[in-house]
Chemist: 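Supplied in structure tokens, the structure appears directly below.
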Amino acid sequence: MKINLPQQLQLPVPLNITPFICHAYLEKRIIMCGRTLCTLDPAGVSNVCKYNLNNKPTKPCWYSGNGTYQPSFNIAPTNSCAVLVGENLYSNVSNCQVVEEYSEDTTTSNEFTRCLAPMRWGLIPSWYKGSLRDFKLSTINCRSESIMEKSMFKQCLTQRKRCVVIVDGYYEWKIESGKKQPYLIHKPQTTKLSSVMRNFKEESQFRHDDKEYSSMFLAGLYDVNRHTTEDFTVSFTIITVAAQSRLSHIHSRMPAVLECDDHINAWLFKTNVLDALSVIEARDNLEFYPVSGFVSNVRNQSVECVGEFDPLSSKSTVNTPSTNKRKRTDIEASPASVGCMTSWLQKLKRNEICCEVLFYAINKLRNTWSDKHFLASPTE
């Protein structure tokens, strides 16, 4: 199979790693918003999603879904996230039941009633048959510009399988001086999340409301698949738009953030597709700050992920007890392909985009080999 690389990558690279570089290029340049966080417990998610129903403040109830939602400082694709949907449509297409433990009175409802459900990040279309491990399409994001051109997304949009993903913010990586520097991007806050979480006595405690820290509501699409080898899968994708100028230096894309309750209501319930899409746009009021590379490993789940990082001092503002730090073993990647690629890259003096993609590919090769041959744990 012939692989057509972008012009910047038409280089004499070793043939056995060319496909991997092409994949890395696509992943780096097109896919974004690949890591989020949400430090609200299930009751806390319900609290921040409170809305007016029949002129009465109402908390959405929790339905069963895909797996179990767990608050985390480091949420990766395939993990379960807290997702807000229209109750009537969701209960009809999924046949899921209310989880009484986190739900209040549900007797009052109408066509605009909302509910929460845990969903797998990475949309699995309803028509797909097979194992989740064999599903190769990258569906963690959906570009707003082409949403009507891809059948799997268009079908969810027109059938009102629209959702809102609840997060504290999301991580994005930028190449700086040849290294990947992660940033935490969030809504304007009076207190940093690391400071809020330090007030809890135990690491197992999470937020119960948004009094000290405001959550973000991201527009998404979901689907229910009953043909996989598993019982059924409820999954979602996050819609992305072109980034505003203040964020474009980090990444060219950003998630579609719903600013107010009217936008959430329009996105979930509007029958006219154009009316629903009218609330999908870039926001220019988001803030960001650098965090340490600690967050790059999805196994790291502590508050250290959100500590502000000073690149000059190489220190994070969050100091976690040594007993809570994971023991890390330095691993030297030994596959010949990694060594060959590294040696070749050292001699390379081309433009920034090429170096960026190749460094990214090396890290992916190194991580993939380490996970497969040594760590024996799930990959990112």
Side-chain angles (χ1 to χ4, degrees), residues 30-33 49 51 53 60 63-66 77 81-96 109-130 132 135-167 216-228 232-242 253-283:
I30 299 178
I31 302 302
M32 58 77 53
C33 192
C49 292
Y51 66 106
L53 180 65
Y63 271 68
S64 57
N66 200 85
C81 304
V83 179
L84 185 70
V85 291
E87 181 179 22
N88 287 351
L89 180 61
Y90 179 74
S91 60
N92 290 336
V93 300
S94 68
N95 295 324
C96 293
S109 64
N110 59 32
E111 60 178 325
F112 300 111
T113 305
R114 307 173 188 177
C115 72
L116 290 159
M119 295 188 186
R120 179 188 188 273
W121 187 7
L123 189 138
I124 307 296
S126 58
W127 45 261
Y128 173 73
K129 297 180 180 180
L132 295 182
F135 186 76
K136 302 302 182 182
L137 298 179
S138 179
T139 56
I140 64 172
N141 295 151
C142 166
R143 294 171 66 92
S144 60
E145 298 88 344
S146 58
I147 194 171
M148 294 295 290
E149 300 172 5
K150 299 184 178 180
S151 59
M152 76 171 79
F153 299 139
K154 180 180 179 180
Q155 182 179 9
C156 295
L157 180 66
T158 55
Q159 294 180 356
R160 288 194 300 165
K161 294 179 183 178
R162 309 178 204 134
C163 62
V164 179
V165 187
I166 317 302
V167 301
M216 291 173 62
F217 302 91
L218 310 183
L221 301 169
Y222 75 94
D223 208 347
V224 180
N225 185 297
R226 297 185 181 279
H227 299 299
T228 59
F232 75 100
T233 303
V234 186
S235 56
F236 72 93
T237 184
I238 294 175
I239 296 176
T240 67
V241 295
R253 309 291 295 177
M254 66 180 292
V257 181
L258 302 175
E259 284 288 283
C260 61
D261 194 71
D262 288 341
H263 288 178
I264 293 175
N265 205 59
W267 176 245
L268 291 179
F269 300 110
K270 286 290 186 181
T271 56
N272 186 292
V273 172
L274 295 180
D275 289 342
L277 289 175
S278 66
V279 300
I280 302 300
E281 56 185 6
R283 309 295 175 185

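As the structure is a computational prediction, the values presented were derived from the model and not from experiment.
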Chemist: Do Leu84 and Pro60 have side chains that approach each other closer than 4.5 Å (heavy atoms only, starting at C-beta)?
Modeler: yes
Chemist: Yes or no on side-chain contact (heavy atoms from CB on, under 4.5 Å) for Val234 and Tyr90, after CA distance, side-chain angles and deciding distance?
Modeler: CA-CA 10 Å; Val234 186; Tyr90 179 74; 3.9 Å; yes
Chemist: In residues 148-158, what donor-acceptor pairs under 3.5 Å come from side-chain atoms, sequence neighbours left out?
Modeler:
from	atom 1	to	atom 2	distance (Å)
Thr158	OG1	Lys154	O	3.0
Thr158	OG1	Gln155	O	3.2

Chemist: Of Val165, Ile124, Leu123, which meets side-chain contact (heavy atoms from CB on, under 4.5 Å) against Phe236?
Modeler: Val165
Chemist: Any idea which heavy atoms bring Ile239 and Ile280 closest together, and the distance?
Modeler: CG2-CG2, 4.0 Å
Chemist: Okay, side chain of Asn92, backbone of Asn88: is any donor-acceptor separation there less than 3.5 Å?
Modeler: yes
Chemist: Do any N or O atoms from the side chain of Trp121 and from the backbone of Ile140 form a donor-acceptor pair under 3.5 angstrom?
Modeler: yes
Chemist: Grab the two heavy atoms, one from Gly122 and one from Ser235, that are nearest each other, plus how far apart they are.
Modeler: O-CB, 3.3 Å
Chemist: Go through it in stages, so that I can follow the logic: the residues are Tyr63 and Leu116, the test is side-chain contact (heavy atoms from CB on, under 4.5 Å), and I'd like the CA-CA distance, side-chain angles, deciding distance and then a yes or no.
Modeler: CA-CA 6 Å; Tyr63 271 68; Leu116 290 159; over 6 Å; no
Chemist: Quick one: salt bridge (charged side-chain N to carboxylate O under 4.0 Å, His left out) partners of Asp275, sequence neighbours excluded?
Modeler: none
Chemist: Mind checking ring-ring contact (aromatic ring centres under 6.0 Å, His included) for Phe112 and listing every partner two or more places apart, or none if nothing turns up?
Modeler: Phe269
Chemist: Applying salt bridge (Lys or Arg N to Asp or Glu O under 4.0 Å), which residue pairs with at least one partner in residues 116-128 are found, sequence neighbours left out?
Modeler: none
Chemist: ring-ring contact (aromatic ring centres under 6.0 Å, His included) with Phe217: which residues, sequence neighbours excluded?
Modeler: none
Chemist: For Ile166 and Cys49, what are the C-alpha separation, side-chain angles and deciding distance, and is it a side-chain contact (heavy atoms from CB on, under 4.5 Å)?
Modeler: CA-CA 9 Å; Ile166 317 302; Cys49 292; 3.6 Å; yes
Chemist: Do Leu258 and Leu218 come close enough that some side-chain heavy atom pair is under 4.5 Å?
Modeler: no
Chemist: In chain order, what residues pass the salt bridge (charged side-chain N to carboxylate O under 4.0 Å, His left out) check against Glu145, with sequence neighbours excluded?
Modeler: Arg253
Chemist: Side chains of Leu53 and Arg114: closer than 4.5 Å at any heavy-atom pair?
Modeler: no
Chemist: Applying side chain to side chain donor-acceptor pair (under 3.5 Å), can you list everything that pairs with Asp223, at least two apart in sequence or on another chain?
Modeler: Lys161
Chemist: Which atoms form the tightest heavy-atom contact between Ala266 and Val279, and what is the distance?
Modeler: CB-CG1, 4.1 Å
Chemist: Sequence neighbours excluded, which residues qualify as salt bridge (charged side-chain N to carboxylate O under 4.0 Å, His left out) partners of Arg160?
Modeler: none
